[in-house]
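All values derive from a computational prediction rather than experimental measurement.
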Number of protein chains: 2
Amino acid sequence: MTISEVSKKYNLTQDTIRYYEKIGLLPKVPRSKNGIRDFDEEACNWIEFIKCMRNAGMEIEILIKYVNLFRQGESTVKERRQLLEEQKSKLLEKQKSINETLDRLNYKIKLYDEIEAGTRKDFTEKI
Amino acid sequence: MTISEVSKKYNLTQDTIRYYEKIGLLPKVPRSKNGIRDFDEEACNWIEFIKCMRNAGMEIEILIKYVNLFRQGESTVKERRQLLEEQKSKLLEKQKSINETLDRLNYKIKLYDEIEAGTRKDFTEKI
DNA sequence: TATTGACTTAGAGCGAACTCTAGGTGTTAT
DNA sequence: ATAACACCTAGAGTTCGCTCTAAGTCAATA
């Protein structure tokens with residue numbers, strides 16, 4: 001698979017994919033004899049994994065750390081588990097923040113609806 | 001309330017608070033006669049609101065837009081509602097991404113647990 | 001054979017959101 | 001009165017995560 005195909009498949013720019021490889025986020029992307037990247041299934045799986053983690057806001061440095069542990073083989077399973085557990089709690093925190101904000105947005109939207117409907121005449125919005 | 005008090009109360013640096021004011025995120029922070037900020041309840045409420053929205057990842061530009069609409073008074077209620085609704089869908093998207101990633105992390109953590117426990121001898125992690 | 005087009009690299013540039021620096025003022029404590 | 005301290009400003013610098021540029025290689029088509 002060429003970089004342009006991968007780029008379309010995962011909706012990432014070619015620049016981003018090259019960047020990810022350069023900084024060590026993609027272990028062993030195969031190359032054809034003239035140096036052109038030829039992504040196999042494993043390389044695609046890594047891209048998909050990295051994309052998923054990045055979408056949730058996981059830091060690139062953490063992901064590089066994970067990839068490096070992965071490269072070192074089975075001896076790093078404990079450490080990898082620990083890393084993922086830490087990231088999981090970070091995501092749970094983030095989830096909490098988002099839920100709080102959603103509650104707040106819903107409250108305000110409801111308030112604005114009432115104001116528009118004229119149900120609420122006292123325009124004392126508490127920010 | 002001085003800036004250092006506000007800084008402690010909301011766990012934001014003084015620099016960040018000044019920055020927020022400078023770029024127009026904090027409508028009318030009162031000042032004492034020698035030019036020192038003296039945050040009243042409304043200013044604090046704004047800080048708390050901005051902090052909540054920023055924690056959920058809302059962009060500063062959007063928040064500036066909201067603040068500007070707010071300043072223009074009741075005539076902008078419809079527009080403000082619209083803006084909040086848009087941000088709400090963005091947050092719902094983000095929530096979805098996080099949930100997907102959490103599922104994936106849970107799956108991998110379970111896998112690592114099995115490997116460590118020896119329940120799974122075939123070390124065929126699919127990334 | 002010339003040019004088009006997809007790929008390659010190293011490295012510069014960019015936008016977002018702070019964060020820090022330098023230099024200054026004003027109040028309080030010794 | 002002098003020093004320490006909390007505040008002020010403008011503007012430069014930093015970090016993150018890309019994104020773009022310039023210059024080059026190679027294969028295929030006009």
Task: Sugar-phosphate only, base, or nothing, as touched by B/Ile23 at under 4.0 Å among non-hydrogen atoms - done: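 Since no nucleic acid heavy atom lies under 4.0 Å of B/Ile23, the category is nothing.
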
TODO: Look at all strands and tell whether B/Arg18 reaches a base, only sugar-phosphate, or nothing, counting heavy atoms closer than 4.0 Å.
DONE: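 B/Arg18: base contact, heavy atoms under 4.0 Å.
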
Open item on the list: Can you see if the side chain of B/Thr2 gets near the phosphate of D/dC7 - specifically, an N or O under 4.0 Å from OP1 or OP2?
Closed with: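 Yes, B/Thr2 has a side-chain N/O under 4.0 Å of OP1/OP2 on D/dC7.
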
Task: Distance below 4.0 Å between B/Thr16 side-chain N/O and C/dT19 OP1 or OP2 - done: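 B/Thr16 to C/dT19 OP1/OP2: side-chain N or O found under 4.0 Å.
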
Open item on the list: Using the side-chain contact (heavy atoms from CB on, under 4.5 Å) definition, which of the options B/Ile60, B/Val29, B/Ile47 pairs with B/Tyr20?
Closed with: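 Going through the options one by one, the only one that passes is B/Ile60.
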
Open item on the list: Out of the candidates A/Gln14, A/Met1, A/Arg37, only one should pair with A/Val6 under the side-chain contact (heavy atoms from CB on, under 4.5 Å) rule; please name it.
Closed with: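 So, applying the side-chain contact (heavy atoms from CB on, under 4.5 Å) to A/Val6 and each of A/Gln14, A/Met1, A/Arg37, only A/Met1 qualifies.
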
Task: A/Thr76 versus A/Phe70, closest heavy-atom pair with distance - done: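 So the two residues come closest at OG1-N, 4.3 Å.
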
Return the nearest nucleotide to the side chain of [X]; candidates are [options].
{"X": "A/Tyr19", "options": "D/dC8, C/dA17, D/dT19", "answer": "D/dT19"}
{"X": "A/Ile36", "options": "C/dT9, C/dC7, D/dG17", "answer": "C/dC7"}
{"X": "A/Asn34", "options": "D/dG17, D/dA27, C/dT9", "answer": "D/dA27"}

Task: A/Arg104 charged N/C atom sitting above B/Phe49 aromatic ring, 6.0 Å / 45° - done: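 No, cation not above the ring by the 6.0 Å, 45° rule.
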
- [ ] Specify the separation, in whole Å, of atom CE of B/Met1 and atom P of D/dC7.
- [x]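 To the nearest whole Å, that distance equals 12 Å.
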
- [ ] Please state how far atom CZ in A/Arg31 lies from atom P in D/dT25, giving the value in whole angstrom units.
- [x]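 Value for this atom pair: 16 Å.
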
Task: First encountered from the 5' end of DNA chain D, between B/Ser4 and B/Asp15 - done: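 It is B/Ser4, whose closest nucleotide lies nearer the 5' terminus.
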
